[in-house]
Amino acid sequence: MNPELLRQLPSVDQLLETPAAADLISSYGRPATVQALREVLDASRQAIRADRAAPISPAELLGAAEEALQVMVASTLRPAINATGVIIHTNLGRAPLSQLALQAIAGAAADYSTLEYDLGLGRRGSRSVHAQRLLTQITGAEAATVVNNNAAAVLLTLAALTRGREVIISRGQLVEIGGGFRIPDVMARSGAALVEIGTTNRTHLRDYEEAISEETAAILVAHHSNFRIVGFTAEAALNDLGLLARERGILLLHDLGSGALLDTAAYGLAHEPTVSESLAAGADVTCFSGDKLLGGPQAGIIVGRRDLIAQIGQHPLARAVRPDKLCLAGLSATLLHYVKDEATREVPVWRMISTLPGDLKRTARRWSRRLGRAGLSARVVPGESTVGGGSLPGATLPTWLVAIQHPQPDSLTARLRAAETPVIGRIEDDQLLLDPRTVLPEQERALLSTVLSAATQNGAEEQR
Ligand SMILES: *Cc1c(COP(=O)(O)O)cnc(C)c1O
């Protein structure tokens, strides 16, 4: 160790008197600046004691402090470009919202609102009225309520309607949805007693019939979500379960997962059961997510019989899982697109699902020409997009991809992730694949410039 170096280090107070420190204080505030300088000085002292190189001059120390302050204020929740072709990508924030939904959220955020204020009566109102009117109109349900997410909707529904009694569920539906959310665990937390019937691949109507007892409160049907059972399989039809539940005086509860309000089959996909179909088949209560196929903000939506929805709303847990005003504003605006029959135009998730392959090919060609002119090896190739979000497992939509050859695909994707607006694509056969289907039109320029600068950073030098 060289003690002379330690003596050369300035004090925090000396550094604070410099003009550069004054700039830092005006950008980041005094407490954070002082803390950053202390940490930088500590790090230098330790490095000197260990005979390692360290910033010593005031300019170097202030530079290191500025870097630390930049990291401190950098947002970890940032906009990203989803070029994966997975439309409802849970890790990338699920559904991007419509313009109208964004405006509604900004309005509710900036101003006071009638969140719980009844303008007609001039006194306290209910926050559940806002989405209820639209939801009942769209789905034909008697009543509706909104909670924080669909996991909360399942938990609350079971807690309010089946606590202390038995709930029958097929073994084929005891799934883990992702992020550790397991249907059986949630059921157990609700206080309901789980009665598993059938086998993983086959459950028949008679399995349900035989399991119903005095203790039975409900049959729960849960969407398989991201999981598909193929081969020798059987499941009881929802219609039959609706009739059975009615006949035996128990409830039929349906966790629909995605909650399609439009028919996916109209877009070349498999048919995903819709909310109206679930109710028409006899479900007493149906719940689904707000940010999957519905294309709105994170929410859990519960629709069904008026008396049951009222019972759910009065349960103490309802307060713990209630939605905030931004969610309700964004959800109502999104639902309005369905009421006005303009969802495929206005709701980004549905716009992406309904984009025609020819349009995707045109976009892919434009990108590949632009990248090609800059010297990248980019081709347009056919591929497949997926819906994601636990809906339609295994179903794909034909698309056109831009395939980029690069000597080091892994370092290319790392640079794309490190960009100001990160670009997330996929790697297949050592090529970077970009799917135009999930890239919002206003992100196209950022996407191309990010890909160009990431691919030419040192990749181009290596190619030469
Ligand atoms: C996604 C999903 C859930 C959880 O919904 P969140 O809104 O993510 O809480 C519950 N059940 C099923 C069947 C799902 O697909």
Side-chain angles (χ1 to χ4, degrees), residues 139-143 145 150-177 181-225 227 229 232-257 259 273-288 300 302-315 317:
T139 64
E142 278 179 23
T145 192
N150 190 32
V154 176
L155 176 66
L156 177 62
T157 299
L158 290 173
L161 305 180
T162 68
R163 190 184 161 70
R165 302 181 60 203
E166 289 181 359
V167 175
I168 299 171
I169 186 166
S170 159
R171 290 199 170 85
Q173 295 165 5
L174 294 174
V175 295
E176 177 174 317
I177 283 152
F181 176 73
R182 289 180 166 172
I183 292 279
D185 294 344
V186 174
M187 292 178 71
R189 291 298 154 127
S190 74
L194 193 65
V195 177
E196 298 173 21
I197 58 162
T199 60
T200 306
N201 58 331
R202 290 172 75 84
T203 302
H204 307 282
L205 186 62
R206 64 170 186 278
D207 293 320
Y208 286 95
E209 285 167 350
E210 285 162 11
I212 296 174
S213 74
E214 291 287 284
E215 295 305 310
T216 308
I219 291 170
L220 174 66
V221 174
H223 190 287
H224 296 139
S225 196
F227 170 73
I229 305 178
F232 185 56
T233 67
E235 272 200 330
L238 199 64
N239 260 323
D240 292 337
L241 293 179
L243 289 173
L244 176 64
R246 187 126 323 143
E247 205 179 283
R248 307 288 287 267
I250 58 173
L251 299 175
L252 176 61
L253 310 177
H254 193 187
D255 173 10
L256 199 48
T274 66
V275 178
S276 307
E277 284 165 4
S278 165
L279 294 168
D284 296 290
V285 172
T286 299
C287 55
F288 51 98
I302 311 174
V303 296
R305 259 169 55 188
R306 186 169 297 126
D307 58 325
L308 301 176
I309 298 294
Q311 212 175 318
I312 289 168
Q314 280 149 17
H315 190 275
L317 259 183

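Numbers here are sequence positions counted from 1. Treat the numbers as computed from the prediction; the structure is a model and nothing was measured.
Nearest heavy-atom pair, C287 versus V154, reported as atom, atom and distance to 0.1 Å: SG-CG2, 3.8 Å. Pairing each heavy atom of A283 with each of H254, the nearest pair is CB-CB, 4.0 Å. The minimum heavy-atom distance between L279 and G304, with the atom names listed, is CD2-CA, 4.2 Å. The two residues Y208 and A236 have their closest heavy-atom pair at CE1-CB, 3.8 Å. Between A222 and I183 the shortest heavy-atom distance is CB-CD1, 4.0 Å. Contact between A217 and I250 at its shortest, heavy atoms only, is O-CB, 3.6 Å.
With a 4.5 Å cut-off on side-chain heavy atoms, E210 and R206 count as touching. Proximity of T216 to V195: side-chain heavy atoms (C-beta onward) are nowhere separated by under 4.5 Å.
Listed by chain and number, the residues in a salt bridge (charged side-chain N to carboxylate O under 4.0 Å, His left out) with D284 are R246, R305 (sequence neighbours excluded). The salt bridge (charged side-chain N to carboxylate O under 4.0 Å, His left out) test applied to R182 returns E176, not counting sequence neighbours. Under the side chain to side chain donor-acceptor pair (under 3.5 Å) criterion, T157 pairs with no residue, sequence neighbours left out.
For the side chain to side chain contact (heavy atoms under 4.5 Å, CB included) with L220, the lone residue among T162, I169, I168, L251 that qualifies is I169.
To the nearest 0.5 Å, the span separating CD on E277 from OG1 on T286 amounts to 11.0 Å. Separation of atoms CD1 (I197) and NE2 (H204) is listed at 10.0 Å; rounding is to 0.5 Å. A distance of 9.5 Å separates CG in L194 from CG in D185, rounded to the nearest 0.5 Å. With rounding to the nearest 0.5 angstrom, the OG1 atom of T203 is 7.0 Å from the CD atom of Q173. Between the CG atom of D307 and the CD atom of E142 there is a distance of 7.5 Å, given to the nearest 0.5 Å. Taking CD from E235 and CG from D207, the interatomic distance works out to 11.5 Å, rounded to the nearest 0.5 Å.
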Quiz item: Checking side-chain contact (heavy atoms from CB on, under 4.5 Å) for the pair R171/T199: CA distance, chi angles, key distance, verdict?
Solution: CA-CA 5 Å; R171 290 199 170 85; T199 60; 5.7 Å; no
Practice problem: Begin from the C-alpha positions of L253 and V167 and carry the test side-chain contact (heavy atoms from CB on, under 4.5 Å) through to its verdict. | Solution: CA-CA 9 Å; L253 310 177; V167 175; 5.5 Å; no
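Side-chain atoms of R202 come within 3.5 Å of backbone N or O of T233 as a donor-acceptor pair.
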